[in-house]
Structure formats: C-alpha cells, structure tokens
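Single-structure report; data block below.
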Amino acid sequence: MIQEIVSGLSIGCIYAMTGFGFVLIYNAVGAVNFAYGEIVMFGGYFGYLAIQSFGWSLGLAFLFSILAMAGLGIFNDYFAYFPMRHRPVVTVIIASIGLSILLRNSALAIWGPDPVKIKSFVGDQLVHIGNVVFPLHQLLIFIVTAFIFVGQVFFFSRTSIGRKLEATAQDQEMAKLMGIKVNRMILLTFVLAACLASIAGFLLAPLWFLEPDVGLYIIVKAFIAIVIGGFGSVYGLMAGGLFLGVTEVLVASHLTSEYKDVISFLILVTVLIVLPQGFFGEKVAEKV
Amino acid sequence: MGFTKRQMIVTLICFAAAVVLPIFFRGSRYYMNLFNLAGIFIILTFSLNYIHGYLGLISIGQAGFFAIGAYITAGLTMGLGINYFPALLLASIAAALAGVLLGLPASRIGGHYFVLITLAFGEIVRLIILNWKEVTHGTNGVNNIPPPRLGPLLIESRFAYYYLVLFFIIVTMVVAASVRRSKYGRSMLATKVGELAANVMGINPLSTKLINFGISSFFAGLAGGLYASYIGSISPEAFDVDLSVDILTMTLVGGSGTIPGPVIGATALVFLKEWLRAVKEYYMIIYGAGIVLIMIFMPYGIMGLLRRVRDVISSREVR
Amino acid sequence: MKKIVGNFGLALLSACAILFFSTAAFARIDVGVIGSMTSGLALLGQRQINSAILAAEEWNAKGGINGEKTKLAIEDSGKSTTQAMTALDRVLAENVCAILGPIYSFQLFAMFPEINKEGVPLLSTSGTRKLTQMGNRWYFRLYPHDGITKRAYTLFAVEELGCTRPALMCVTTEYGKSGYKIIMDVLKSKGIKPVAVTWHEKSDKDMTGQLERIRRAHPSCIISQAHPPDTAQIIRQQYELGINIPHIASSAASMPTVHKLVGKYMEGVYVEAAAIPNYDPDPKIQAWTKKYVKKFRTRPDSFALLYYDTANFLFNAIKAVGPDRKKIRDWLEKNSYKGLAGRYKFDKEHNGAFFAIIVQYHMKNGKAIPTVVKKYDFTPE
Amino acid sequence: MNTSGGALIEVEDLGIRFGGLLAVSDVSFHVSEGSIHALIGPNGAGKTTILNMISGIYRPSRGKIIYGGRNIVGLPPYMVTREGIARTFQNIQVFEGLSVLENVMVARHVRTSVNLLSTILKTPKARREEKSIADKAVEALRFVGLADRKDMDAMNLPYGQKRLMEIARALATEPHLLLLDEPSAGMNEAEVLNLVNFINQIREKGITVILIEHNMRLVMKISDRITVLDFGEKIAEGPPEEIQNDPRVIEAYLGTENGYA
C-alpha cells in the first residue's frame with residue numbers, strides 16, 4: 001500500500017508539474033492551451049536533441065532546452081495567441097488544438113515514432129526504505145515539484161513582476177489602467193510556462209519516455225487534475241494531481257486495471273457535475 | 001425570414017450538380033470513395049454545427065456519438081437482423097438520447113468545462129468499446145457489416161451509396177434549415193449570445209440546450225450508422241479524439257452557424273487531406289498549422305470570407 | 001493567339017508521347033505497399049515500408065522481374081480504418097497486381113471486403129490470430145501468428161522454466177486480448193491457472209498498480225503481452241520494484257528501442273520472436289541488417305525482416321506467373337520460399353510462417369545481447 | 001395609497017448578500033395594478049439588484065416577492081417571464097446575429113406550444129404558430145415604431161432604437177408587469193419625449209410598470225409612486241410631489257447628484 005502511494009504521488013507530481021505552466025497560461029489569457037502537453041514533450045525532446053545529436057552533457061542539454069523552450073514560448077504567443085487576442089476565447093482554444101497537432105507531428109517527423117529517454121540527473125539508483133523501493137529520480141521529482149510549487153506561490157505574492165502578472169491575469173483592462181504593459185506580461189507568461197515545461201519534460205523523460213503521443217497523454221491527465229482542484233488554483237492543482245496519481249495506482253492495483261482510465265474520466269465528469277468549481281476554485285457569479 | 005430567390009436558385013443548382021456529379025466519376029472508385037466520405041463528414045459536421053454554431057460551445061466528443069450510431073446500427077442489423085433503415089433510425093435515436101443524457105450535466109457548464117466534459121465523454125465511449133469485448137469485439141471491431149437493403153435493392157456499390165448519402169445530406173440540410181428558422185433555432189441563437197438575457201425573455205436554457213444536443217447527436221449517430229455500413233468494418237481506433245478535432249476543424253473552415261458552411265468545410269477538408277498526402281509525413285504538420293492560420297485569417301470560415309467579399313462588391317455597386 | 005494554340009498543341013503532343021513511352025517502352029510491375037507512416041503506429045509501419053523499398057530496389061538493380069521494373073505504390077494508412085481504406089483505394093487505382101499490407105489487424109479487417117471484391121492478393125506480417133480465420137482467400141500471413149508464438153513462449157515458461165504460478169500482464173488492444181486467450185488455452189491444457197491477470201492501456205506510463213497487484217499474488221514468473229513502449233515500462237518497473245522473478249515478454253521486447261528504454265533491467269529477460277535480425281549469427285542476415293541500417297539509419301526489427309522475406313516471396317511469385325492477381329494467389333498457395341528468417345509455406349488458412357524462437361537477453365558492456373535458448377517449429381507437415 | 005386596483009406585486013423584507021456584503025436589506029414596497037412605480041437612488045443603491053431578484057436572476061437571501069397572490073422567489077427567470085413579468089436591461093442585451101424581427105420573435109416563444117417534431121416536419125399547426133409569432137412580433141415592433149426596420153441585423157440599429165427594440169421584445173411576452181431598467185439612458189431629448197409617450201401607452205394597455213430611471217424630469221412626469229433607495233435600504237416612498245420635497249431624499253440623493261431635479 002505504501003509502495004503504491006509513493007508511486008502514485010510521484011505520478012501526481014508529474015501531472016501537477018504539467019499543470020503549473022498550463023494554469024499560468026490559463027490565468028493570463030483565460031483560455032485552455034491544448035498544446036501545452038506537446039510543449040512539455042518538446043521540453044524533453046530538446047534535451048534529447050542536445051544529448052543525442054550535439055553530444056552535450058545533461059546539464060548543458062538542460063540549459064539548451066530552457067533557451068529553446070523560451071523560443072517556443074514566444075512562438076506560441078505570436079503564432080497561436082497574439083493575433084487572436086481580441087477574438088472570442090473559442091478561437092484561441094481551437095488555435096491551440098491546431099498548434100498541438102502541429103507540434104505532435106513535428107516531433108514525429110524530427111525524432112521518429114520510437115520512444116526515447118534521457119538520463120536522470122541523479123542516475124538510475126534505487127532507494128530502499130523498509131519494504132518500499134523507488135528510483136532516486138522519483139525523489140528528485142518530489143523535491144523539484146515542491147520547489148516549483150512554493151516558488152510559484154512566492155513568485156506571485158512577493159515579487160513585483162509576479163504581482164504584475166497576477167494583475168494581468170485577473171483583469172487585463174484594469175492592469176492596462178495601472179500602467180502594466182499587458183502584451184509584454186502575456187509574452188512573459190508564455191515564456192515562463194514554456195521554461196516550466198522544459199523542467200517537466202526533463203522530469204518525466206527518464207521514467208515515462210518521450211514519444212510523439214506523450215503530450216496528449218499527460219495533458220488529458222493534467223486536465224483531470226486541474227478540474228478536480230479547481231481551474232486556476234495552484235493549490236488545487238497540486239492537490240488534484242496528487243489525488244489523481246494515487247487514485248490511478250490504487251484503482252489499477254485493487255479495483256480494475258482494465259477500466260482504470262474510464263474511472264479517471266468518470267471522476268472528471270462527476271466533479272464537473274457536482275462541484276464545477278473544483279475543491280479549491282472560487283465560484284464566480286455571472287453579471288448582467 | 002424565408003429564402004430569397006437567389007438562394008433558392010443557388011441551392012437548386014448545387015443539388016443538380018450533386019446529382020449529376022458522380023456520373024462523371026463512376027469509373028473512379030477512388031473519387032467515389034472520397035465523395036462518400038465527404039458526404040458522411042458533411043452530416044457529422046452539421047451535427048457539430050448545432051453545438052458550435054447555435055450554442056457557441058466547443059465539443060471534442062462528437063466521435064463518441066458517431067461511434068454509438070455506428071455500433072448500434074451494426075449490432076441491430078447483424079445481431080437482431082433488423083432491416084438497415086429502421087436500425088439506422090433507432091441508432092440515431094439512441095445517439096440522441098446519449099446526447100441528452102450528456103447534456104444534463106454539460107448544459108450547466110460552459111466554456112472550458114464543456115470542452116473537457118465532451119473530451120471525457122468521447123474517451124469513455126472509446127474505452128468502453130475497446131474493453132467491452134463481449135459486445136463490441138474490442139479492437140477486432142465489427143466486421144462484414146452488411147450493406148443497406150431497400151426492398152429488393154441492395155445498396156452495395158459506391159455509386160449507389162453516393163445517392164443514399166446524398167439523400168441523408170438533404171434530410172440533414174432540410175432539418176437544419178427548418179430548425180434555424182423555427183422558434184427552436186432562434187432560442188438556441190439567443191441563448192448562444194446571451195444566455196441570461198434569453199432566460200429572462202422566457203427561454204428555458206436547459207431544454208433549449210438539451211434539444212440542441214439531442215438533434216446534434218442524432219445526426220452524429222446517423223452519420224455513424226451510414227459510416228458503419230459503408231466501410232463495412234468498425235473498430236475503436238476510428239473513433240478517437242483526432243476524429244472529433246477533424247469535425248471541429250471542418251465546422252470552422254466552412255463557417256459555423258450557417259447552412260452551406262458544413263458542406264463546404266467537410267468537402268474542402270476531406271479533399272485537402274488527400275492532396276496533402278503528396279507531402280507524406282509532413283501533411284499532419286501542415287494540417288495543424290492550417291488550423292491556426294484559419295483561426296488567424298478566417299475566423300468565420302469560408303462562409304465568412306464569402307460574405308465579406310459579397311459585402312465589398314455590393315458596397316461598390318452602391319457607389 | 002495562334003502562338004498560344006501552337007504551344008498548347010506542342011505540349012499536348014509531348015504529354016501524349018511521354019504517356020505512350022512510359023506505358024509501352026518501360027513496361028513495369030505495380031505493387032501496392034500500405035503501412036502507417038504517420039502517427040504513433042508508424043513505429044512498426046515505417047520499418048516495414050523500408051523493407052519493401054529495399055527488396056524492390058534490389059530486384060530493379062538486377063534488372064527487374066523478367067526484365068520489367070517494379071514500381072511500388074506506397075500509401076500511408078495512418079491510424080484509422082478510414083485512412084487505410086483511402087490508401088487501399090489509391091493503391092487499387094494504380095492497378096497493382098498485389099499488395100503488401102499494413103501490420104495492424106483492425107485496418108486489415110476493414111480492407112478484407114474490398115480485397116475480396118477486387119480479387120487482389122494481400123500479404124502482411126501480422127500476428128493477430130483471427131486474421132486467417134475468416135476464410136479470406138486473398139489474404140496471406142507471413143508471420144508466425146499468436147497461436148504459434150504465444151504457444152511457444154507459454155510452453156517455454158511452463159516446461160523449460162517450470163513456472164506453475166504465472167502472472168499475466170496484457171495490453172487492452174486486440175494484440176493483447178487475442179494473445180491473452182491463447183496463453184490461457186495453453187495454460188489450461190497444462191492444468192495451470194494464472195495467479196493474477198492485469199490489463200493496461202497501450203499509452204499507460206506507469207504500471208505500479210498492476211505490478212503491486214501481481215506482487216500480492218506471489219507468482220513464479222510474469223508473462224507479458226504488450227506493445228513496445230508499455231513492455232519497456234513493465235520490465236523496467238518490475239525489477240525496480242524488486243519483483244525478482246523471470247519475465248517472459250512478447251516480441252515487442254526484442255526491439256532495440258525497447259532495450260534502450262529498459263537499460264540494465266533487460267538482463268535475464270526472455271523474449272519470444274520470429275527472428276532477431278540484429279543479432280542473428282547467420283552471415284546472410286548480418287549482411288542484410290548492415291545494408292538496412294546503412295540505407296535507412298534505423299535498426300530493423302523482426303517484422304521488418306519478415307516483411308522483406310514477404311516482399312521477396314511475392315516478387316518470386318510474380319517472376320513465376322507474371323503480374324496476374326489470380327495466378328499470383330494460386331502460386332503462393334502451392335509454393336514455398338526459403339527466406340532469410342526461415343521457410344515459408346502456406347497452410348489452408350494462409351498462415352505462412354510457423355517458426356518461433358525464445359531468446360534470453362544478457363547485458364554486455366551496457367548493451368542487451370540476445371542468445372537463442374529454444375527454437376520451436378510448429379510447421380504442420 | 002392606490003391609484004387604481006389592488007397590489008399586483010408585493011415586495012416584502014427583501015434582502016440579498018454577495019459574499020459578506022449586504023447589497024439590499026429589508027426593502028418592502030407594493031406596486032398597484034396599472035400604475036407606474038419608479039425606483040430611484042444613487043448608483044449602487046441596489047435598484048438593479050432588486051429588479052434582478054424580481055425577475056429571478058438573483059435569489060434573495062431573505063424576504064418574499066408576492067406576485068398574483070403567490071411567492072415567486074426561487075422561480076427561474078424564464079418561469080417568471082411565463083408568469084407575466086418582462087423586463088429590459090440597463091446594458092442593452094441584443095441577440096447578435098438575429099434580425100430585429102427575430103429578436104422580438106424570441107420573446108414570443110414563451111407563449112407557444114408546438115413541439116419539436118411538428119416544427120421540423122412543418123405541420124400546418126406549426127406553420128400557423130410560426131406565422132402568429134411573426135405577426136405578434138411585428139405588432140410589437142409597430143407599437144414602438146420599428147416595423148420598417150424588422151429585417152435589419154439588430155446589431156446595426158442605432159443605440160436609441162436598440163432600447164426601443166428591447167421594449168418591444170419585453171412587450172411581446174404579453175406581460176402584466178414590465179420592469180424597465182433605465183430606458184432613457186443614452187437617448188436624446190426627442191427620443192426621451194417619445195419614450196414618455198410609450199410608457200404612458202403601455203400603461204393604457206393595462207400593463208403595470210416598475211421603472212428605474214436617472215432622468216428625474218421623466219420620473220417625476222410619469223410616475224404614480226416613487227421608492228427611494230440608498231445603500232440598499234429604502235429611505236422614502238410616496239407620490240412624486242412628496243418625494244421631491246422629502247429632506248432625506250434631497251440629502252441622500254439629490255444632494256449628491258447635481259444636475260437633476
């Protein structure tokens with residue numbers, strides 16, 4: 001049981017890591033970014049590219065990935081958001097679906113269909129604690145996720161740029177009146193989210209491997225985590241991710257492995273029906 | 001708001017062309033196949049056109065209703081030996097019921113949540129088909145689905161099937177037109193632009209949306225039933241999210257909320273995807289980029305573009 | 001105006017000329033190739049298409065089949081039945097004499113009615129048992145089907161490893177489900193019941209839940225039936241979680257890609273395969289593998305090797321009877337062919353390959369090297 | 001107290017909270033049948049909030065709304081409309097993409113009965129109903145003088161005419177009670193005069209009117225009775241002459257908003 005929970009928590013951390021950047025973009029532009037799973041995937045693939053094709057070390061590859069991803073973030077903004085910023089949100093959502101198809105198939109064309117992996121920063125040792133055993137990499141996942149989680153909370157509440165981003169996210173018109181350069185803030189958000197995706201990519205690649213379809217897989221799971229927690233809430237996302245990760249493992253182990261994903265989706269549907277604002281989200285009243 | 005004379009003439013010409021067209025392509029199984037596929041996609045696109053065009057919602061779960069229609073049609077004709085046409089009707093009604101059922105929770109939520117709940121629905125349907133092997137035969141799928149029989153007539157050739165599909169396209173379009181110009185269509189459109197205002201004007205948002213979902217999934221199911229007997233073999237792989245995204249793209253490319261839009265969008269994309277085959281592994285990349293570019297440059301689809309062109313021309317005429 | 005007409009006429013004339021010469025002077029044989037070149041399914045599809053290209057080029061380099069060049073009409077079957085059907089249409093539009101088909105059974109099933117109607121031979125290297133049980137006279141399978149390979153590795157687990165308490169881990173696709181049934185049948189014939197059975201989605205990234213369930217059942221070995229990425233996940237996690245019992249995996253685990261993902265945990269894993277192109281000591285196979293890697297910059301898998309044999313078997317048929325669909329079918333039914341991987345001869349159901357090997361992997365200098373531990377041959381004769 | 005007839009609607013101790021904030025507290029007033037009753041007060045006094053509670057958009061935290069002898073608290077907006085209460089909005093709500101006529105036709109649906117299947121099959125009954133919807137809608141448009149604009153896209157109407165269309169739309173539901181939320185906002189002098197005419201004609205049709213209005217000249221000219229709100233509480237009520245001279249009103253309201261009265 002403890003073994004299952006430990007594994008479940010590490011899975012949950014990856015869902016949450018994917019969710020962080022996603023929520024960042026969601027808060028800033030008010031639209032779901034369907035391409036974010038693929039962006040996480042590219043974070044890993046850029047690292048793979050640097051290691052495999054340039055023969056760089058893992059650390060250097062990570063730096064390369066962060067830089068390349070910043071570029072991808074800018075591309076995401078200028079290609080799939082900025083031209084549509086004054087249009088209905090629907091337009092932006094569909095553009096993000098288009099971007100996700102574009103990125104997924106680009107990865108297929110560039111790196112082929114074979115799954116690949118990149119090494120972990122901590123190697124592939126195992127940690128034994130009593131009867132529980134897990135790869136050291138899972139410990140790294142826990143630490144990095146906790147760090148990013150605290151960092152994100154701190155960033156938005158304590159730093160001036162974070163507060164500006166937060167203000168932009170809450171009300172763009174208001175932010176404009178306060179003298180915040182909204183477009184620049186949104187660009188920064190896309191870049192930040194893409195850099196977070198780079199970290200997420202490096203965390204998931206050693207355990208889950210990289211393949212062109214992995215982005216779609218994790219974004220769907222991240223969605224469920226986000227809905228459980230409540231859209232836009234970082235706390236909710238963390239809780240939702242961990243809950244989903246642990247639930248999945250426990251269901252597969254004790255209930256049914258065949259219908260495991262059906263149960264995850266049913267949780268999503270149930271939460272949407274019973275508690276559309278999630279466990280941490282705020283209820284927003286409609287204005288006339 | 002009736003049809004103008006010009007609209008009537010254009011419609012008649014299009015229908016005449018649609019009736020005559022296959023005679024020139026009769027020899028080409030390849031083109032006949034594309035026409036038939038386009039036809040089935042036209043009906044599917046009409047189904048999403050209700051949800052997106054009339055309620056402003058995005059569904060990426062249409063493949064689920066399509067699958068329900070396909071599997072139930074196959075099951076009724078093969079398992080129970082029911083004639084194709086009643087089976088098709090029953091399957092479409094079953095899909096409509098599924099739509100209403102999904103609508104009960106889904107109508108209370110909007111925007112992103114709606115996208116996600118439809119995504120979840122589509123995936124649940126696919127996973128159940130995949131795993132409920134006793135009924136659906138899992139990945140093996142249902143094979144050798146018999147072609148439709150109309151009295152002594154066996155609709156087997158692609159040429160014959162074309163007219164069957166054409167018939168159902170006409171039915172779909174007539175229903176779409178009559179819904180649009182009825183109180184139901186107006187209620188939907190009013191709910192789309194201002195749900196609360198429409199509610200205050202006496203429109204029950206729940207029943208309006210449920211009717212919309214019901215009609216929408218009815219036609220998705222109808223398309224599924226046509227697809228099943230046309231391809232003759234169905235398996236869960238055919239009904240994944242990518243299909244739902246394709247339908248969404250077709251709706252938008254054509255111009256959602258209009259009657260000619262789905263026809264234009266579905267036909268254009270079925271053929272475009274074929275032409276892009278020349279670039280082999282890159283065609284899905286171009287397809288993805290295309291969706292974004294359409295959103296940037298043609299947010300109201302081809303119909304929107306045509307309308308703009310018409311407005312420019314007519315304003316010149318005035319001058 | 002006159003000039004334009006003149007130019008146009010000239011163009012028309014030359015077009016006719018080209019058309020005439022291309023059909024008359026350079027007579028050629030059209031063979032269809034359908035496989036997944038896009039989407040996740042391209043993992044297997046692309047390698048097989050490579051094999052077909054390689055075989056055709058070799059024949060053409062030697063002067064073609066009876067002096068006529070082979071032209072492959074290659075079409076992408078993507079990931080859906082619809083795409084497979086359109087690909088079939090395009091291939092048939094080229095008036096091909098035979099088709100080398102995709103590996104995925106759901107696409108093949110969809111193609112069957114058209115194949116029957118058109119009367120064109122369709123050859124593929126799929127393992128799904130049911131394909132040849134539908135009485136399709138035009139379909140030929142040149143890969144040991146699951147009934148052979150699953151029987152081989154289940155027998156191996158029970159008889160050679162003495163595993164009486166097996167646990168099964170299967171994927172929910174048709175491959176996993178039909179494999180599951182055969183494994184269960186073989187186990188039943190030996191009077192054994194598996195102590196645990198788990199299922200997973202092909203796209204699943206974590207198997208802890210399934211493996212913990214298996215651990216609780218205290219099995220003496222694990223038999224898995226899954227696709228490459230999930231097989232890698234299962235093997236790696238099994239040993240990471242300290243479930244140190246023998247693992248007998250399906251042929252997916254013979255793929256080099258999987259070895260890279262699993263790493264050191266490949267040590268001791270048993271795998272069923274039809275062939276091991278990359279490590280077979282046979283010099284002919286080694287030469288072929290070298291050529292393949294040089295040309296396509298990717299390592300072939302067993303499917304690719306057998307697809308190459310399949311293409312050659314077909315070209316031999318065309319050489320013997322010419323590009324006539326019915327004659328090709330009849331010739332294939334009657335004759336046998338000795339390919340790189342083994343001997344092919346069709347039974348009544350059109351199954352052409354009945355050999356299977358069990359290999360065990362050992363880690364040498366960080367690479368997983370297979371050694372053959374048992375060969376099975378169920379050829380009916 | 002009454003100008004004519006009994007009370008059509010009685011608002012009793014109505015109160016609502018948003019989060020921790022008390023937006024309206026313990027407001028009571030009665031509106032007599034056939035009268036024009038104005039709600040006035042500075043911005044944020046809670047006038048629109050009260051209309052929203054009456055029309056079912058907000059659910060009051062406490063209190064009752066007795067309409068036609070029955071408490072309508074808890075009814076969804078479309079049921080309230082079915083009961084005979086129609087309204088217009090402070091921020092104009094035009095159904096974009098529909099023509100002027102269709103905008104008004106939407107409001108007729110509440111009085112229709114033909115089902116979906118008959119509608120799709122276009123049975124004679126459905127055709128008749130559709131025609132009557134259109135006829136009644138044209139009639140409502142004629143009443144506000146927009147009949148000649150019926151085929152225009154409603155979005156392209158000038159601002160003042162959009163307001164008139166809203167009134168036509170509200171009338172098309174055949175209300176007994178009409179709630180008008182700042183109908184004169186954005187109108188010019190001539191249009192306001194026109195509006196006064198309408199409101200009087202509406203009353204002549206036997207429709208009771210609750211009016212929120214900032215234009216005091218208009219309010220004083222046509223209201224039978226006025227309720228004054230400030231910070232969510234009722235501070236005065238009475239006929240126009242009385243209100244005009246009420247010191248509390250002058251202090252709380254007129255004192256702060258120069259330029260009116």
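Residue numbering restarts at 1 for every chain, and letters A, B, ... go by the order of the sequence lines. Worth knowing before you read on, the calculation uses all heavy atoms, side chains too, and leaves out hydrogens, waters and symmetry mates.
The shortest heavy-atom contact between B:N199 and D:P77 is OD1-CB, 3.3 Å. In terms of heavy atoms, B:S178 sits closest to D:K122 at CB-CE, 3.9 Å. Nearest heavy-atom pair across B:R180 and D:L98 is NH2-CD2, 4.0 Å. Annotation for B:G202 and D:R82: closest pair O-NH2, 4.4 Å, computed over non-hydrogen atoms.
Only the side chain of B:V179 has a heavy atom closer than 4.5 Å to any heavy atom of chain D. The parts of B:I203 that come within reach of chain D are both its backbone and its side chain, each placing non-hydrogen atoms under 4.5 angstrom from that chain. Contacts between D:A107 and chain B at a heavy-atom distance below 4.5 Å involve backbone atoms as well as side-chain atoms.
A salt bridge is absent between D:E102 and B:R181; no separation between the charged side-chain nitrogens and carboxylate oxygens falls under 4.0 Å.
In this structure, B:M201 and D:F95 have side chains that are in contact, with non-hydrogen atoms separated by less than 4.5 Å. Contact annotation: the side chain of D:E129 approaches that of B:K183 to within less than 4.5 Å [non-hydrogen atoms, C-beta and beyond].
For the atom pair B:L189 CG and D:N103 CG, the distance stands at 10.5 Å (nearest 0.5 Å).
Between chain D and the residues B:V175, B:V200, B:I211, the largest count of heavy-atom pairs under 4.5 Å involves B:V200. Annotation: maximal heavy-atom pairing with chain B below 4.5 Å, among D:K150, D:R108, D:M79, D:E130, occurs at D:E130. Counting heavy-atom pairs closer than 4.5 Å to chain B, the top residue among D:T173, D:L121, D:T112, D:V94 is D:T112. Comparing D:V106, D:L116, D:I133, D:T119 by how many heavy-atom pairs each has under 4.5 Å with chain B, the most go to D:L116.
Taking a 6.0 Å sphere around CZ of D:F143, one finds it holds more than 12 heavy atoms contributed by other residues, nucleotides or ligands. More than 12 heavy atoms of other residues, nucleotides or ligands sit less than 6.0 Å from atom CD of D:Q201.
Side-chain contact check for B:N204 and D:Y78: at least one donor-acceptor pair (N or O, by modelled atom type) lies under 3.5 Å.
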